[in-house]
Novice: 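Structure provided below as structure tokens; questions to follow.
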Protein chains: 2
Amino acid sequence: MDKTALQILEQHSIRPSVQRIEVVSYLYHNRIHPTADEIFNALNGTIPTLSKTTIYNILKLLEDGGVVKHINIDEKNVRYELIIGEHAHFRCDNCSRIFDIPAPTSKHNLPEGFTIRESDTYYQGICPECSKKPIV
Amino acid sequence: MDKTALQILEQHSIRPSVQRIEVVSYLYHNRIHPTADEIFNALNGTIPTLSKTTIYNILKLLEDGGVVKHINIDEKNVRYELIIGEHAHFRCDNCSRIFDIPAPTSKHNLPEGFTIRESDTYYQGICPECSKKPIV
DNA sequence: AATAAATTTGTAATGAATACAATATTATAA
DNA sequence: TTATAATATTGTATTCATTACAAATTTATT
């Protein structure tokens, strides 16, 4: 049982359960911005009775509770990550992996009247590993 | 028949057709970042035989040809816009409309080895109109 | 006009996400 | 503890955007 995951849930006043702890633990230890499906497949081994609906339920709960954030960089599926310090996302055109990248230092040019709640920066290009090998 | 839309297609070496001209024309005159479904519904009146598959086909063709770009700010549907000058996108939390906003002046903090092909900035918050009226 | 190529269309399939009701688990009251 | 209420999980069915694919139509070429 993951102590850190339990703490994260408690800090956000979300009642822990085996399933919730496992989801948070998975996101904590696998910073790969997984889809709901990937999380389900990863946890189905340890929790054989797991249902995919539960994953969706928990992700919604965690998002409402401010524990996770979804990422729209991939047009197929929604991806999720634990909310950590501010950063940007980089998706490699070649291997499709998503990397956490330091956020740019930006001066926003917002017209009069707009109020920003959140700002996200998405990069696309080639990651260091794929730069070294010939593009498939 | 929209002369401008025809020109845009010709500039990108895409053979014109009634359907293609109408899609480009719609995107040119309606800067609302529509979904494929919205485009279909808007054009189905003028082209009664129109098929939704055609809209998807054309959007893919236009995207490959560098005429349009898709936007992932909305987790439900993919949205489209004509490629114009660089700008950021702002989605209003209240009315869900997407606004074109001047791009921020950014100094990117890319780690060694990453190469950027494209960078997108997405804002979320409250638009001027919704700031004035009480939030629903 | 005949034939080939390109485009559009309709239908069926896919697959992520949601709705919902049933079951199981946990907390609370007696 | 036992009974009851509240919460959480699960399975199934549904929705809906998108894609696959083949037939029909339109446009270009010989």
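Since we're looking at a predicted model, the values are computed, not measured. Worth knowing before you read on, the calculation uses all heavy atoms, side chains too, and leaves out hydrogens, waters and symmetry mates. Numbered from 1 within each chain, the chains take letters A, B, ... in sequence-line order.
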Novice: A:H89 vs A:H33 aromatic rings, parallel, tilted or perpendicular, using cut-offs 30° and 60°?
Specialist: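 Correct class here is perpendicular.
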
Novice: Has A:E129 got more than 12 heavy atoms of other residues, nucleotides or ligands less than 6.0 Å from its CD?
Specialist: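 Atom CD in A:E129 is not packed in, count stays at 12 or less.
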
Novice: Is it true that a side-chain atom of A:H29 and a backbone atom of A:L27 form a donor plus acceptor pair closer than 3.5 Å?
Specialist: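 Side chain of A:H29 to backbone of A:L27, a donor-acceptor pair under 3.5 Å: no, none is there.
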
Novice: What integer distance in Å separates B:F40:CZ from D:dT18:C1'?
Specialist: 14 Å

Novice: Decide if atom CD of A:Q11 counts as having more than 12 heavy atoms of other residues, nucleotides or ligands within a radius under 6.0 Å.
Specialist: yes

Novice: I need the CD-C1' distance between A:E38 and C:dA17, as an integer number of Å.
Specialist: 16 Å

Novice: Would you confirm whether B:Y123, through its side chain, and B:F99, through its main-chain N or O, come within 3.5 Å as a donor-acceptor pair?
Specialist: no

Novice: Do the side chains of A:Y26 and A:D2 get nearer than 4.5 Å, heavy atoms only?
Specialist: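 No, every pair of side-chain atoms sits at 4.5 Å or beyond.
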
Novice: Tabulate protein N/O versus nucleotide N/O from nucleotides 28-30 of chain D, keeping only pairs under 3.5 Å, one per line.
Specialist:
none

Novice: How many Å lie between CG on A:N41 and P on C:dA16, as a whole number?
Specialist: 10 Å

Novice: Ignoring the backbone of B:S17, work out which of C:dA17, C:dT9, C:dT7 is nearest its side chain.
Specialist: C:dT7

Novice: Rounded to the nearest Å, what distance is computed from the NZ atom of residue A:K60 to the P atom of nucleotide D:dT9?
Specialist: 15 Å

Novice: Specify the residue among B:V18 and A:V18 whose closest nucleotide of DNA chain D lies further upstream toward the 5′ end.
Specialist: A:V18

Novice: To the nearest Å, how far apart are A:L59 CG and D:dA8 P?
Specialist: 15 Å

Novice: Between C:dT25 and A:Q19, is there an OP1 or OP2 to side-chain N/O distance shorter than 4.0 Å?
Specialist: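 Result: no.
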
Novice: Without decimals, in angstroms, what is the distance between A:N57 CG and C:dT18 P?
Specialist: 10 Å

Novice: Can you tell me how far P of D:dT10 sits from CG of A:L43, to the nearest Å?
Specialist: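 Distance check: A:L43 CG to D:dT10 P gives 11 Å.
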
Novice: Each nucleotide N or O in nucleotides 11-14 of chain C that has a protein N or O under 3.5 Å away: list the pair and distance.
Specialist:
unit_1: C:dT11; atom_1: O4; unit_2: B:T53; atom_2: OG1; d: 3.3

Novice: Does the pair B:R79 and B:E38 meet the rule for a salt bridge (Lys or Arg N to Asp or Glu O under 4.0 Å), with working shown?
Specialist: CA-CA 9 Å; B:R79 295 180 167 277; B:E38 282 168 351; 3.5 Å; yes

Novice: Using a 4.0 Å cut-off on heavy atoms, which residues in residues 61-79 of chain B reach DNA chain D? List them by number, or say none.
Specialist: B:N77, B:V78

Novice: Could you state the atom-to-atom distance from OH of A:Y56 to P of C:dA17 in whole Å?
Specialist: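 So the two atoms are 4 Å apart, to the nearest Å.
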
Novice: Do the side chain of A:R20 and the main chain of A:I58 share a donor and acceptor less than 3.5 angstrom apart?
Specialist: no

Novice: Would you check if the side chain of A:R91 reaches a backbone N or O of A:I73 as a donor-acceptor pair within less than 3.5 Å?
Specialist: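 Yes; at least one donor-acceptor contact below 3.5 Å.
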
Novice: Hey, is the main chain of B:N72 close enough, under 3.5 Å, to the side chain of B:Y122 for a donor-acceptor pair?
Specialist: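 It does hold such a pair.
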
Novice: For A:K52 and B:T35, take the nucleotide of DNA chain D holding the closest heavy atom to each; which residue's nucleotide lies nearer the 5' end?
Specialist: A:K52

Novice: Whether A:D37 and A:K76 form a salt bridge (side-chain N of Lys/Arg under 4.0 Å from carboxylate O of Asp/Glu) is what I want to check.
Specialist: no

Novice: Using a strict cut-off of less than 4.0 Å between a Lys/Arg side-chain nitrogen and an Asp/Glu carboxylate oxygen, indicate whether A:D100 and A:R31 qualify as a salt bridge.
Specialist: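 Salt bridge: no.
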
